[in-house]
Amino acid sequence: MSELRSGAVDAAVVPGRPGSEGLVSERVDSVELRLLVSRGHALASRKALALADLEGALLAEPYDSRWLKATVLELLSRHGVRPRMASLEMSAARHHGFLHEDGGAVLVICDGRYPEQFPDVEAVPFAEGEGMELPTYLAWRREAPAARMAALAECLRDSR
């Protein structure tokens, strides 16, 4: 975002709606969240999860407090779901211990890298309609050519 605000780039695809002054944004896609758990976890064998499955669960706080954490916590709160939140340091060893020794769970963006980083875990999807998809936006500086940015946003939506 700093490159966008400084004028180093004309546009950027960003998670969540940017609230920066002088920027325009348009939703172009969304990313699916999954629940990363050890294979021995009670939720590991489920085909799909409901938000209610997170009630009382030990859940790592999302790192990016600017949008992901606030979005997830607001969604859970709106559905009356109260997991037990834990703050983790950013390290593979701590995450491994949290998943396997503590019985915790981590919300992750489904991108296929977790099997190689954590071969003994499952990334369990949420059921359709549970709202565990987070929006992505094309953001651009207000001075950028509007027609060009609209065409770029349309191209990004069509590429799904």
Side-chain angles (χ1 to χ4, degrees), residues 1-37 43 46-54 57 59-81 83 85-92 94-95 98-99 104-119 121-160:
M1 288 298 293
S2 61
E3 291 88 358
L4 183 59
R5 279 190 226 98
S6 73
V9 297
D10 290 327
V13 176
V14 297
R17 181 184 291 274
S20 298
E21 195 171 310
L23 296 181
V24 179
S25 63
E26 191 171 317
R27 184 176 175 162
V28 293
D29 205 354
S30 62
V31 292
E32 175 190 354
L33 287 179
R34 292 192 176 200
L35 191 68
L36 197 66
V37 294
L43 299 175
R46 302 282 296 274
K47 295 263 189 238
L49 300 171
L51 287 176
D53 294 329
L54 298 180
L59 186 64
E61 286 186 4
Y63 287 111
D64 183 352
S65 60
R66 187 178 64 78
W67 78 277
L68 179 58
K69 181 179 177 180
T71 301
V72 167
L73 293 178
E74 191 275 329
L75 176 67
L76 294 172
S77 175
R78 193 172 56 226
H79 287 86
V81 177
M85 301 304 286
S87 181
L88 300 183
E89 64 188 57
M90 184 73 101
S91 80
R94 179 61 187 117
H95 278 74
F98 182 71
L99 291 167
V106 179
L107 286 171
V108 296
I109 292 173
C110 184
D111 70 0
R113 291 181 297 170
Y114 295 99
E116 61 187 58
Q117 292 176 336
F118 299 99
V121 300
E122 297 292 331
V124 186
F126 285 88
E128 192 173 322
E130 287 297 298
M132 290 307 269
E133 291 182 345
L134 301 175
T136 55
Y137 287 81
L138 174 66
W140 64 90
R141 293 182 14 250
R142 200 170 298 284
E143 305 83 40
R148 190 175 296 160
M149 294 299 115
L152 179 55
E154 186 65 29
C155 178
L156 289 167
R157 279 191 297 276
D158 288 346
S159 68
R160 294 186 261 172

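- The shortest non-hydrogen separation linking Ala48 to Phe126 is CB-C, 4.2 Å.
- Rounded to the nearest 0.5 Å, atoms CG (Leu156) and OG1 (Thr136) are 8.5 Å apart.
- Scanning both residues, Val81 and Pro83, for their nearest heavy atoms gives O-CD, 3.5 Å.
- Rounding to the nearest 0.5 angstrom, the gap separating the CE atom in Met132 from the CG atom in Leu54 is 6.5 Å.
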Given side chain to side chain contact (heavy atoms under 4.5 Å, CB included), test Met85 with Leu59 step by step and report yes or no.
CA-CA 5 Å; Met85 301 304 286; Leu59 186 64; 4.0 Å; yes

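- Shortest non-hydrogen contact noted between Leu99 and Val121 is CD1-CG1, 3.9 Å.
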Intermediate values then yes/no, side chain to side chain contact (heavy atoms under 4.5 Å, CB included), Glu130 and Leu49:
CA-CA 8 Å; Glu130 287 297 298; Leu49 300 171; over 6 Å; no

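- A distance of 5.0 Å separates CG of Leu138 from CG of Leu152, quoted to the nearest 0.5 Å.
- Heavy-atom neighbours of Glu74 CD from other residues, nucleotides or ligands within 6.0 Å: above the threshold of 12.
- Nearest heavy atom pair, residue Leu35 against residue Ala105, reads CD1-CB, 3.6 Å.
- Here the CH2 atom belonging to Trp140 is positioned 12.0 Å from the CG atom belonging to Asp10, to the nearest 0.5 angstrom.
- Rounding to the nearest 0.5 Å places CG of Leu33 at 9.0 Å from CG of Leu75.
- Contact annotation: the side chain of Leu88 never approaches that of Glu61 to less than 4.5 Å [non-hydrogen atoms, C-beta and beyond].
- The structure places CG of Leu36 at 9.5 Å from CG of Leu107, a figure rounded to the nearest 0.5 Å.
- Nearest heavy-atom pair across Leu23 and Arg142 is O-NH2, 3.6 Å.
- Counting non-hydrogen atoms of neighbouring residues, nucleotides and ligands closer than 6.0 angstrom, the CD atom of Glu143 exceeds 12 such neighbours.
- Heavy-atom minimum distance, Met149 versus Ala144: CG-CB, 4.0 Å.
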Does the pair Arg157 and Glu26 meet the rule for a salt bridge (Lys or Arg N to Asp or Glu O under 4.0 Å), with working shown?
CA-CA 10 Å; Arg157 279 191 297 276; Glu26 191 171 317; 2.7 Å; yes

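- The number of heavy-atom neighbours closer than 6.0 Å to CZ of Arg94, taken from other residues, nucleotides and ligands shown, is above 12.
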